[in-house]
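Step one of this worksheet: look at the structure below.
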Number of protein chains: 2
Amino acid sequence: MAHEVERRALAEYLEKHSLKHTKQRDAILDVFLEAGQHVTSDDVYQRVREQHPGIGYTTVYRTMKLLCEAGLAQEQTFDDGITRYEIEHEHHDHLVCTKCGKIIEFECSMIEAAQNDIARAYGFRVLRHRHELYGHCEDCREG
Amino acid sequence: MAHEVERRALAEYLEKHSLKHTKQRDAILDVFLEAGQHVTSDDVYQRVREQHPGIGYTTVYRTMKLLCEAGLAQEQTFDDGITRYEIEHEHHDHLVCTKCGKIIEFECSMIEAAQNDIARAYGFRVLRHRHELYGHCEDCREG
DNA sequence: ATAGATGCAAATGTTTTGCAGGAAA
DNA sequence: TTTCCTGCAAAACATTTGCATCTAT
């Protein structure tokens with residue numbers, strides 16, 4: 001069975017919090033892990049219903065939140081106002097193409113360092129951040 | 001009369017685009033300029049109704065969009081999903097306190113430079129960006 | 001006179017909530 | 001057999017749109 005590690009992580013989280021281990025939660029986790037990065041709740045809903053037509057919107061929303069709390073997923077909100085989820089992984093930022101919708105991840109230790117300096121200068125304790133560059137990607141910029 | 005420069009800029013924009021110069025548009029511009037940074041459409045609506053009780057939500061929304069197109073306002077969307085507007089000014093980023101809601105602006109030329117490097121590396125033409133650090137401000141961080 | 005603006009109500013699209021029935025512990 | 005989940009329908013929320021009316025030009 002696929003995604004053994006993540007399934008076990010979910011099971012542990014559920015047990016630790018006296019929550020219940022259901023088919024729906026496993027199904028949604030599987031679909032999410034399979035679907036790749038930056039999926040919306042609706043993406044997950046559509047895909048999970050291919051295998052499990054009974055599942056409801058509500059359950060998807062609730063489960064995606066749960067996966068975030070369990071540290072398996074991470075929420076991202078871009079400028080279109082739709083919440084997206086990605087598999088929890090190393091700290092990074094995004095380039096978003098406003099023509100084709102492509103999302104590219106990047107990392108930059110120089111920016112990280114500068115952020116820390118700024119936070120310190122303002123007495124701020126930074127818990128999370130977002131950093132997105134919007135524009136046209138290589139394929140979409142003409143001329 | 002206050003905000004002469006901006007009123008004139010709006011008038012010019014309207015004329016150039018064959019749009020009409022109405023009391024509502026002036027009133028909303030005034031309120032927006034008076035209200036300070038990072039106001040929501042609802043903020044503007046509440047304030048403008050103190051002087052002009054007849055004005056509708058719709059007009060505020062439409063006019064804030066218009067002010068953006070005219071280059072007098074600038075849209076900002078933070079993680080709460082509510083669109084905010086600020087007076088168009090030099091490029092900058094934001095520190096957002098998730099306890100008290102305070103928003104602090106900062107500028108960092110090092111980050112700007114790094115962004116340009118990254119865009120170049122990916123063949124991206126950056127049109128705009130957002131960069132927000134969420135956490136607790138000096139007054140809200142305890143211990 | 002006429003293109004464009006207004007304001008109400010209704011629609012939109014995403015996400016959340018109430019609740020009765022259902023499944024896991 | 002109790003606690004937690006599910007799924008539906010309805011609500012919530014910010015924002016947009018249809019449309020009849022009104023106003024600036």
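Naming convention: chains lettered A, B, ... in sequence-line order (proteins, then strands); numbering from 1 in each chain.
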Problem set entry | Side chain to side chain, A:Asp79 and B:Arg128, heavy atoms closer than 4.5 Å | yes

Seminar exercise, completed: Secondary structure of DNA chain C per the Watson-Crick/G-U criterion (both distances under 3.5 Å; [ ] crossing, | other strand, . unpaired) is |||||||||||||||||||||||||

Problem set entry | Protein-nucleotide distance (B:Leu10, atom CG; D:dA24, atom C1'), rounded to Å | 14 Å

Seminar exercise, completed: Quick note, A:Ile82 side chain, CB onward, closest among D:dA24, D:dC5, C:dT15 is C:dT15

Exercise. On a plain distance test, is the side chain of A:Lys23 in donor-acceptor contact with the base of C:dA23 below 3.5 Å?
Worked result: no

Exercise. Using a heavy-atom distance cut-off of less than 4.0 Å, which residues of residues 63-78 of chain A contact DNA chain D?
Worked result: none

For this session: List the steps, then state whether ring pair (Phe, Tyr, Trp, His ring centres under 6.0 Å) holds for B:His136 with A:Phe124.
Result: CA-CA 6 Å; B:His136 299 332; A:Phe124 228 80; 8.2 Å; no

For this session: Find which nucleotide of DNA chain D each of B:Leu19 and B:Arg84 is nearest to by heavy atoms, and output the residue with the more 5' nucleotide.
Result: B:Arg84

Exercise. A:Asp80 CG to D:dT16 P: how many Å, rounded?
Worked result: 13 Å

For this session: Answer with yes or no whether the side chains of B:His3 and B:Glu34 bring together a donor and an acceptor at under 3.5 Å.
Result: yes

For this session: Tell me yes or no: between the side chains of A:His89 and A:Glu105, is some donor less than 3.5 Å from an acceptor?
Result: yes

For this session: Apply the test side chain to side chain donor-acceptor pair (under 3.5 Å) to residues A:His92 and A:Glu86: give CA-CA distance (whole Å), side-chain angles for both, the deciding distance (0.1 Å), then the verdict.
Result: CA-CA 11 Å; A:His92 61 276; A:Glu86 55 186 34; 2.7 Å; yes

Exercise. Would you say D:dG7 has OP1 or OP2 under 4.0 Å from some side-chain N or O of A:Thr59?
Worked result: yes

Exercise. Between C:dT6, D:dT15, C:dG18, which nucleotide has the shortest distance from any of its atoms to the side chain of B:Tyr61?
Worked result: D:dT15

For this session: Calculate the interatomic distance between A:Asp26 atom CG and C:dA24 atom P; express it in whole Å.
Result: 11 Å

Exercise. Under 30°, 30 to 60°, or over 60°: which ring-plane class applies to A:Tyr122 and B:Phe106, parallel, tilted or perpendicular?
Worked result: tilted

For this session: Report which part of the nucleic acid A:Ser18 touches: base, sugar-phosphate, or nothing (heavy-atom distance under 4.0 Å, all strands).
Result: sugar-phosphate

Exercise. Taking only side-chain nitrogens and oxygens of B:Thr83, does any of them come within less than 4.0 Å of OP1 or OP2 of D:dA14?
Worked result: no

Exercise. Of all residues at least two apart in sequence or in a different chain, which pass the salt bridge (charged side-chain N to carboxylate O under 4.0 Å, His left out) check with A:Lys102?
Worked result: A:Asp139

Exercise. Out of D:dG7, C:dA25, C:dT6, which has the shortest distance to the side chain of A:His21?
Worked result: C:dA25

Problem set entry | Donor-acceptor pair between A:His91 and A:His129 side chains, under 3.5 angstrom | yes

For this session: Determine: side-chain N/O of A:Gln24 to OP1/OP2 of C:dA23, distance under 4.0 Å, yes or no.
Result: no

For this session: Calculate the interatomic distance between A:Ile28 atom CD1 and D:dT6 atom C1'; express it in whole Å.
Result: 10 Å

Exercise. Given D:dA9, C:dA5, D:dT15, which nucleotide is nearest the side-chain atoms of A:Thr58?
Worked result: D:dA9

For this session: Assess whether side chain to side chain donor-acceptor pair (under 3.5 Å) is satisfied between B:Tyr85 and B:Asp43, documenting all intermediate values.
Result: CA-CA 10 Å; B:Tyr85 297 92; B:Asp43 290 337; over 6 Å; no

Exercise. Between the side chains of B:Glu132 and B:Tyr134, is a donor N or O closer than 3.5 angstrom to an acceptor N or O?
Worked result: yes

Exercise. Rounded to the Å, how far apart are B:Arg25 CZ and D:dT25 C1'?
Worked result: 13 Å

Exercise. Does the side chain of B:Thr40 get closer than 4.0 angstrom to OP1 or OP2 of D:dA14 through an N or O atom?
Worked result: no

For this session: Using atom OH of B:Tyr45 as one end and atom C1' of C:dT6 as the other, report the distance to the nearest whole Å.
Result: 13 Å

For this session: Calculate the interatomic distance between A:Arg62 atom CZ and C:dT15 atom C1'; express it in whole Å.
Result: 12 Å

Seminar exercise, completed: From CG of A:Leu14 across to C1' of D:dC5 the rounded distance in Å is 11 Å

